[in-house]
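Start at 1 and go down the list; that is how both ligands and their atoms are numbered. From a predicted model like this one, the values you see are computed outputs, not experimental measurements.
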Amino acid sequence: MTSVGIDAVEVWTGKLKLDLPNTFAPQKGDDPEKYTKGLGLEASSFPDTYEDIVTMGANAAKRLMDRKGLTPADIGRIDVATESAFDNSKPVSTYVAGCLEQVYDGDFHHANKGERKFACVAGTQSIDDAYNWIAAGRNRGLAALVIATDTALYARDSSGEATQGAGAVAMLIDEDPNLVELSHEQGYGSADETDFLKPQQQFPSVDGKRSMQVYLARMREAVEDLEAQLDEPLHPEDFVYVPFHTPFPGMVRKAGLLGYRHILRDTDIEDEVAEEIGRQPREESFDDRESYEEAIQSYMDELKRTEQYRSWYDATIEPTLNISRQVGNWYTGSVHIARASALQAAAEAGRALTGERMLVASYGSGAQAEVHAETVCDGWREEIGALTIDEQLQRRYDLSFEEYERVHDAHNHDLDTEVEEFTQPSGEFVHAGWGRMNERKYEYVE
Ligand code: CAA
């Protein structure tokens, strides 16, 4: 089979910024370090009044199509992953296609369109769907456009408010990809959970602390499922980066430690750290689960201070968090900006990555984790060098707290609030009003 994977990626951030330590924390009476050190966040991206999941997704897709010189005739499939959809029937991909058809010759009438839902893991599931479509030879030589787009807004004064974000990632899935090749090495951890959900409501109901436990439990299951299919056990040095779903970097700090501890077992590195902190506890040596878990917890407290763990974390995890720290949670797009962030850091450091493998760890509440291995392709440096995320982040309008509250209200579907835009759209799609059947209307602003 020919190689299939992500050929190109583009990112569109919401055009507003909420500074968490300097603007948000003082209003909430919080220590700014709760955000910078605890959650690991500097800022959230917010959508301006004319932005939504369609405009951000279409703008990221247009940038990708322009850069790759694509026309609608080159695309056989458009899948949008989102947990911020506003229509239970008409998929966001039809709106996105409608936007793109305003600016390109030709149309997407031949393209299969859909919308994927499983909280934040849906972006990765859409890539899987596209991969399967190509691998099955049903793509007629065409590529798939996968768009992960979300406005991750929480109710004001709820605990999740600190981890909001908004943005879109567009990815081209194709044969002989330039960026990363996908593999069959994949594991799942999935269970019926009620940790984070939106039962016919715009803002989520969240059991915050429990959602973190569920994230870790499903992630561990997914790694075990992957391991069960491999000939060799996993080793911490197998992967150059491990991009995780990143609701906030502090969550990945926990997941990284758990994952490292798990794949450390029976390796040469476990022997090395054993000289300092002993070997990790084995469940079979304990009479009950509770005492085993206590022993594991104290082992992990010591493990995180070892040189071996700290250098693994700094090299393998830390570079995946650079963009997330500045934008907050992008739900379906989050793990994909973690991958982009790592590749961008590698390019800046002049590293040679072609042929190296990454373990991508996706997660969606409700809940499902998926881990898979992918290999960096030889066009990665040029692809990632074309990202304009740094300029986009710098151009964001820095909101005052009172402006933040107004724009939050403007996006609240239950309120009818007129708020002036904060930025001027230029060369992008905007939400321009409502149609006769209450559908959203979009136009391209030159
Ligand atoms: N200096 C340094 N650290 C500080 C600090 C200070 N002054 N003050 C607090 N901290 C630390 C805390 O110790 C804590 O770290 P640890 O967990 O390592 O102990 C961290 O900062 C956060 O502080 P709190 O636990 O007090 O924060 P909180 O109670 O306000 O809420 C949250 C945290 C529950 C994650 C909340 O933000 C939330 O509900 N978020 C939405 C749900 C979510 O993102 N869940 C993640 C898993 S589910 C998922 O991944 C899917 C998804 O995208 C939603």
Side-chain angles (χ1 to χ4, degrees), residues 18 20-22 24-42 44-45 81-84 117-125 148-167 169 189-191 193-198 201-220 222 243-259 297 300-301 304-305 313 320-321 324-325 327-338 360-371:
L18 176 64
L20 292 168
N22 298 308
F24 188 74
Q27 293 290 332
K28 297 285 166 184
D30 286 335
D31 179 349
E33 294 201 337
K34 169 178 171 181
Y35 299 87
T36 52
K37 295 207 167 133
L39 295 167
L41 289 167
E42 296 290 337
S44 299
S45 275
T82 186
E83 47 186 307
S84 322
K117 178 175 72 180
F118 196 146
C120 310
V121 77
T124 299
Q125 290 181 319
T149 180
D150 271 298
T151 46
L153 303 191
Y154 290 78
R156 291 232 300 279
D157 296 323
S158 69
S159 71
E161 197 183 7
T163 63
Q164 300 178 105
V169 181
S190 189
E193 300 276 9
T194 44
D195 53 329
F196 170 111
L197 52 157
K198 297 183 180 181
Q201 62 197 44
Q202 183 189 7
F203 301 132
S205 300
V206 193
D207 185 342
K209 301 289 180 205
R210 196 174 131 60
S211 74
M212 296 166 73
Q213 293 311 316
V214 176
Y215 178 120
L216 296 175
R218 302 287 78 81
M219 200 59 90
R220 179 202 175 112
F244 276 96
H245 167 59
T246 311
F248 53 93
M251 183 71 236
V252 175
R253 210 165 46 221
K254 294 179 199 300
L257 179 62
L258 189 74
Q297 194 49 56
M300 295 223 293
D301 287 345
K304 73 177 171 215
R305 285 189 275 273
Y313 185 88
T320 69
L321 304 175
S324 164
R325 284 190 200 293
V327 303
N329 194 354
W330 283 12
Y331 288 162
T332 54
S334 162
V335 69
H336 306 292
I337 52 176
V360 178
S362 306
Y363 174 73
S365 296
Q368 179 162 303
E370 188 260 19
V371 291

I want to check something: taking the side chain as every heavy atom from C-beta on, are T246 and M251 in contact at a cut-off of under 4.5 Å?
no
A side-chain contact here means heavy atoms from C-beta on lying under 4.5 Å apart; do H336 and V360 qualify?
no
What are the polar N/O contacts of ligand 1 with the protein below 3.5 Å, with distances?
{"residue": "ligand 1", "atom": "7 (N)", "partner": "D31", "partner atom": "OD2", "Å": "2.9"}
{"residue": "ligand 1", "atom": "17 (O)", "partner": "K254", "partner atom": "NZ", "Å": "2.8"}
{"residue": "ligand 1", "atom": "18 (O)", "partner": "K254", "partner atom": "NZ", "Å": "2.8"}
{"residue": "ligand 1", "atom": "25 (O)", "partner": "K209", "partner atom": "NZ", "Å": "2.4"}
{"residue": "ligand 1", "atom": "29 (O)", "partner": "K209", "partner atom": "NZ", "Å": "3.3"}
{"residue": "ligand 1", "atom": "30 (O)", "partner": "K34", "partner atom": "NZ", "Å": "2.6"}
{"residue": "ligand 1", "atom": "37 (O)", "partner": "S159", "partner atom": "O", "Å": "3.2"}
{"residue": "ligand 1", "atom": "39 (O)", "partner": "S159", "partner atom": "OG", "Å": "2.8"}
{"residue": "ligand 1", "atom": "45 (N)", "partner": "S211", "partner atom": "OG", "Å": "2.8"}
{"residue": "ligand 1", "atom": "50 (O)", "partner": "H245", "partner atom": "NE2", "Å": "3.3"}
{"residue": "ligand 1", "atom": "53 (O)", "partner": "H245", "partner atom": "NE2", "Å": "2.8"}
{"residue": "ligand 1", "atom": "53 (O)", "partner": "N329", "partner atom": "ND2", "Å": "2.8"}

Establish, yes or no, whether a centroid distance under 6.0 Å links the rings of Y331 and F196.
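When the ring centroids of Y331 and F196 are compared, they turn out to be within the sub-6.0 Å range.
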Mind checking whether F203 and Y154 have ring centres under 6.0 Å apart?
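Between Y154 and F203, which both carry aromatic rings, the centre distance is not below 6.0 Å.
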Just checking, any donor-acceptor pair under 3.5 angstrom between side chains of T163 and N329?
no
Cut-off 3.5 Å, side chains only: do T124 and S362 have a donor facing an acceptor?
yes
